[in-house]
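Note sheet for the following structure.
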Amino acid sequence: MPDIEYLKKLALRGAVNKTVKVSSSEFHKHTGDSSKTTARKLKQMEEEQLIERKIVPGGQLIKMTEKGIEILKNEYVEYSRIFSSEPDILELEGNVLKGLGEGQYYINIPGYRHQFEEKLHFVPFPGTLNVQLSETSSALRNRLKEMPAIRIDGFNDGERTFGGGNCYPIKVEGIEAAVVVPDRTHYPSDLIEIIAPVKLRDALKLKDGDRIVTRVKKQGMEG
């Protein structure tokens with residue numbers, strides 16, 4: 001199991017976004033271990049590909065890898081569940097982003113549209129609202145998997161095969177909607193697509209860059 005404490009201390013020194021210089025003789029004061037143990041653990045973290053490390057005069061240059069960052073994000077998600085005042089509600093916030101127009105194309109495909117109407121109980125506006133999650137919400141996004149999902153099955157229309165995905169019922173400023181998560185996507189993990197029975201940009205008077213908050217509830221969407 002990776003040493004979370006070491007990852008946290010490195011992250012607090014800025015190693016998530018940049019390369020930082022660390023000496024074992026100085027860094028051990030922050031970990032409570034001896035300098036020898038600290039040097040050994042940092043070497044082990046490099047071998048486990050949690051950090052990138054280069055030995056230089058006076059210490060070592062260290063930057064956390066995506067693997068190391070992901071471990072800290074998962075730790076954050078667990079703490080958020082422990083200390084959340086509403087543990088059954090997942091709140092994701094971010095900024096409205098201009099889409100590529102793909103949402104309109106896919107929503108209008110009958111094989112998808114009929115399932116949206118039948119399973120979500122609303123006729124979706126032909127288009128999606130793209131939201132780029134904040135750094136905090138991006139870390140929490142994995143909690144979507146704990147929420148009740150509505151399955152949208154893949155299908156073949158006789159010409160090509162279309163993949164499936166999950167929909168997660170949400171509320172956006174009181175409006176019933178759903179986050180669409182395809183099984184396969186080229187979008188980054190900090191981007192979510194939202195469908196709703198209305199054009200959310202117009203209904204909520206949104207423009208690119210505006211902040212928006214979505215709320216996902218574990219047991220239905222009452223309240």
Side-chain angles (χ1 to χ4, degrees), residues 66 70 73-74 76-78 80-81 84 86-134 136-201 203-204 206 212-223:
E66 285 299 320
E70 188 64 25
K73 283 184 176 181
N74 290 335
Y76 174 81
V77 168
E78 291 184 2
S80 73
R81 293 175 61 188
S84 173
E86 296 180 292
D88 288 337
I89 292 179
L90 172 62
E91 192 170 274
L92 299 176
E93 61 94 13
N95 298 98
V96 175
L97 195 67
K98 185 176 182 180
L100 301 174
E102 294 181 358
Q104 180 177 358
Y105 167 72
Y106 285 107
I107 288 175
N108 280 327
I109 295 174
Y112 285 131
R113 190 171 188 82
H114 294 157
Q115 290 190 72
F116 289 143
E117 293 179 23
E118 177 186 350
K119 298 178 180 182
L120 298 178
H121 308 297
F122 64 73
V123 179
F125 170 80
T128 60
L129 182 72
N130 288 4
V131 177
Q132 185 166 30
L133 299 174
S134 66
T136 299
S137 288
S138 180
L140 290 173
R141 188 183 187 278
N142 284 341
R143 278 194 62 197
L144 268 180
K145 298 173 184 176
E146 303 170 13
M147 302 299 174
I150 295 173
R151 183 64 188 171
I152 302 298
D153 298 318
F155 58 93
N156 189 300
D157 67 355
E159 294 183 1
R160 59 168 287 193
T161 298
F162 293 87
N166 290 326
C167 285
Y168 297 88
I170 63 171
K171 280 188 177 179
V172 184
E173 305 296 334
I175 299 175
E176 300 283 356
V179 174
V180 180
V181 182
D183 291 340
R184 295 182 181 179
T185 179
H186 59 273
Y187 283 148
S189 60
D190 64 348
L191 184 70
I192 60 173
E193 292 183 281
I194 300 172
I195 62 174
V198 297
K199 186 177 181 179
L200 291 172
R201 279 182 178 267
L204 302 177
L206 297 170
I212 190 171
V213 178
T214 69
R215 289 167 66 85
V216 191
K217 194 170 183 179
K218 268 194 176 181
Q219 302 299 327
M221 292 302 300
E222 301 87 358

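Residue numbers start at 1 and run along the sequence shown.
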Run the side chain to side chain contact (heavy atoms under 4.5 Å, CB included) check on Asn166 and Arg151 step by step: do they pass? CA-CA 5 Å; Asn166 290 326; Arg151 183 64 188 171; 3.3 Å; yes
Could you tell me the separation between the CZ atom of Phe116 and the CD1 atom of Ile107, rounded to the nearest 0.5 Å? 6.0 Å
Rounded to the nearest 0.5 angstrom, the CG-OG distance for Leu133 and Ser138 is 6.0 Å
To the nearest 0.5 Å, atom OG1 of Thr128 lies from atom CD1 of Ile195 at 9.0 Å
What pairs of residues pass the salt bridge (charged side-chain N to carboxylate O under 4.0 Å, His left out) test when at least one of them lies in residues 111-133, not counting sequence neighbours? Arg113-Glu117, Lys119-Asp153
Considering the options Ile194, Leu92, Leu97, which one meets the side-chain contact (heavy atoms from CB on, under 4.5 Å) requirement together with Val131? Ile194
Take atom CZ of Arg184 as the centre, draw a 6.0 Å sphere, and report whether it contains more than 12 heavy atoms from other residues, nucleotides or ligands. no
pair Thr214-Tyr168: side-chain heavy atoms closer than 4.5 Å: no
Distance col, row Asn95:CG vs Asn130:CG, nearest 0.5 angstrom, shows 12.5 Å
Of all residues at least two apart in sequence or in a different chain, which pass the salt bridge (charged side-chain N to carboxylate O under 4.0 Å, His left out) check with Glu93? Arg211
Pairwise distance CD1(Ile170) to CD1(Ile192) - rounded to 0.5 angstrom: 6.0 Å
Could you give the distance from CZ (Arg201) to CG (Leu206), rounded to the nearest 0.5 Å? 7.5 Å
Minimum side-chain heavy-atom gap Leu129-Ile212 below 4.5 Å: yes
In terms of the angle between their ring planes, are Tyr106 and Tyr112 parallel, tilted or perpendicular, with boundaries placed at 30° and 60°? perpendicular
